[in-house]
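Let me begin by presenting the structure, written as structure tokens, before commenting on it.
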Amino acid sequence: MKQKIHNDSTKNLLSSVVKNAPYGMIAIDNFDQIVLVNDQAVSLLKLDAKPNELNELVIFDQIKHIEQLHLKLNQIVENQYRDFNLEALPFDDKFLNIRGRKIVEGYIVTIEDITRDKEMEMVALNSMLEGQELERTRIAKEIHDGIGPSLSTIRLLLENLSSENNRLDNAKFSGQVSEILDMIDSLTGDIRDISHQLMPKILLDFGIIPALENLVNRINRAERIKIILFHSILSDRFPELIELGLYRICQELINNSVKHSSATEVQVQLIEHPESLILMVEDNGKGFDKTSVMKENPGVGLINVESRTNAFGGNFILDTAISKGVTATIEIPLEK
Ligand SMILES: Nc1ncnc2c1ncn2[C@@H]1O[C@H](COP(=O)(O)OP(=O)(O)OP(=O)(O)O)[C@@H](O)[C@H]1O
Ligand SMILES: [Mg+2]
């Protein structure tokens with residue numbers, strides 16, 4: 001008798017725990033029948049009955065509308081109930097983490113709504129992309145305000161020198177030439193400073209691969225799109241400007257895939273050949289029609305990729321069509 005009371009109170013405690021759990025929970029016995037289920041599970045999985053009406057019903061019949069979960073549970077049964085995790089499963093405008101755990105009496109499935117976490121990740125990703133835009137504005141401003149005026153002054157001095165050429169004695173002439181040379185030196189210093197300030201520190205310190213890995217990891221953390229990086233780089237470092245150029249090109253192409261393509265995956269490959277570096281960025285998204293985009297909404301991103309590539313004497317090929325994804329190939333010659 002005592003034992004019975006104990007069993008009842010344990011059972012009550014258990015159903016109260018399940019009922020009040022902060023996530024959805026379904027307990028299934030070894031005959032695949034639902035033993036316990038809470039309101040949260042019913043609402044998150046949009047089950048077609050109240051918790052008490054689901055008792056003793058076979059789980060598979062209740063979750064047919066959630067294809068991936070149905071499939072997973074079927075596989076689990078075939079494999080004699082193994083633990084499983086379905087992470088960030090999109091369902092009914094939500095993202096759910098669904099986990100299955102084997103217990104002696106059967107199987108426990110928990111369902112957690114992680115939509116809010118996902119939304120926060122999207123906000124983080126968007127602010128990272130906005131950060132890149134801000135950085136571009138800063139680059140433009142520093143070049144405009146820093147380099148532009150110095151070049152104008154050098155031009156003025158040279159004009160002056162050429163118009164006064166015949167009237168100047170040698171000493172004055174060399175004085176003015178050395179003034180111009182000083183300005184050019186200081187300009188070279190400014191350009192170097194700006195490019196170092198603008199170069200991500202990891203790129204400056206460790207080179208292109210760690211910098212790309214870092215970029216890719218940051219985007220992958222948001223789990224919205226999967227970026228896969230392959231490389232066959234043997235050399236330790238490449239010329240600083242080539243590293244920066246390739247990094248910016250990669251940033252722009254990945255950014256385009258994230259912004260425009262609806263792709264699930266982007267493959268980035270950087271291959272070192274004896275005489276050149278080849279970068280390929282390929283997404284499996286919706287692609288686009290080059291002619292109409294060029295006419296209707298040309299951005300500056302792809303034009304910059306082209307001009308950066310040309311500045312290194314390289315080649316840029318953009319292969320895309322509607323529904324065919326986008327493959328961008330950039331080849332940059334290396335001077336050996
Ligand atoms: N990976 C891609 N998938 C689908 N469409 C793309 C992709 N990359 C570019 N596009 C299309 O090409 C257009 C031009 O791209 P581009 O990078 O030049 O400009 P943008 O991204 O619109 O703006 P920004 O000047 O900020 O880069 C985009 O607006 C988009 O329509
Ligand atoms: Mg762009």
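Each ligand, and each atom within it, is numbered from 1 in the order the structure gives. None of the values given here were measured: they were computed from a predicted structure.
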Do me a favour and list the nearest non-hydrogen protein atom to atom 27 (O) of ligand 1 with residue, atom name and distance?
Glu252 OE2, 3.1 Å
Checking a contact table here: which protein heavy atom is nearest atom 18 (O) of ligand 1, and how many Å away?
Leu302 N, 2.9 Å
Within the stated cut-off of 2.8 Å, is an N/O/S atom of Asn255 closer than that to the Mg ion (ligand 2)?
no
Just one of Ile254, Asp283, Ile228 clears the side chain to side chain contact (heavy atoms under 4.5 Å, CB included) bar with Val268, so which one?
Ile254
Check for me whether Ser257 has a heavy atom closer than 4.0 Å to any atom of ligand 1.
yes
Centre of Phe95's six-membered ring, under 6.0 Å away, within 45 degrees of the axis: is that where NZ or CZ of Lys118 sits?
yes
Run Asp289 and Ser292 through side chain to side chain donor-acceptor pair (under 3.5 Å) and show every step you take.
CA-CA 6 Å; Asp289 177 25; Ser292 68; 3.2 Å; yes
Identity and separation of the nearest protein heavy atom to atom 6 (C) of ligand 1:
Phe288 CD2, 3.3 Å
Within a reach of under 6.0 Å around NZ of Lys259, are more than 12 heavy atoms found that belong to other residues, nucleotides or ligands?
yes
Tell me which N, O or S atom from Glu252 is the closest to the Mg ion (ligand 2).
OE2
Do other residues, nucleotides or ligands put more than 12 heavy atoms under 6.0 Å from Asn52 CG?
yes
Nearest-contact summary for atom 25 (O) of ligand 1 - protein heavy atom, Å:
Val300 N, 2.8 Å
Can you confirm whether the side chains of Glu252 and Asn256 place a donor and an acceptor under 3.5 Å from each other?
yes
I need the nearest protein heavy-atom contact for atom 19 (O) of ligand 1: residue, atom name and distance, please.
Gly299 CA, 3.2 Å
Side chain to side chain donor-acceptor pair (under 3.5 Å) assessment of Asn284 paired with Thr264
CA-CA 7 Å; Asn284 64 353; Thr264 53; 2.8 Å; yes
For atom 23 (O) of ligand 1, what's the nearest protein heavy atom and its distance?
Lys259 NZ, 3.8 Å
Proximity of Val293 to ligand 1 by residue part, where a heavy atom lies under 4.0 Å
side chain
Is the contact between Asp283 and ligand 1 made by the side chain, the backbone, both, or neither, using heavy atoms and a 4.0 Å cut-off?
side chain
Would Gly301 count as a polar contact of ligand 1, with the cut-off being nitrogen or oxygen pairs under 3.5 Å?
yes
Using a strict cut-off of 4.0 Å, indicate which atoms of ligand 1 neighbour a heavy atom of Val326.
1 (N), 2 (C), 3 (N)
Atom CD of Glu67: over 12 foreign heavy atoms under 6.0 Å:
no
Which residue holds the protein heavy atom closest to atom 8 (N) of ligand 1, what is that atom called, and what is the gap in Å?
Asn256 CB, 3.4 Å
For the residue pair Arg101 and Asn85, confirm or rule out a side-chain donor-acceptor distance under 3.5 Å.
yes
Would you find more than 12 non-hydrogen atoms of other residues, nucleotides or ligands less than 6.0 Å from Asp48 atom CG?
no
For atom 21 (O) of ligand 1, the closest protein heavy atom turns out to be His260 NE2, 2.7 Å
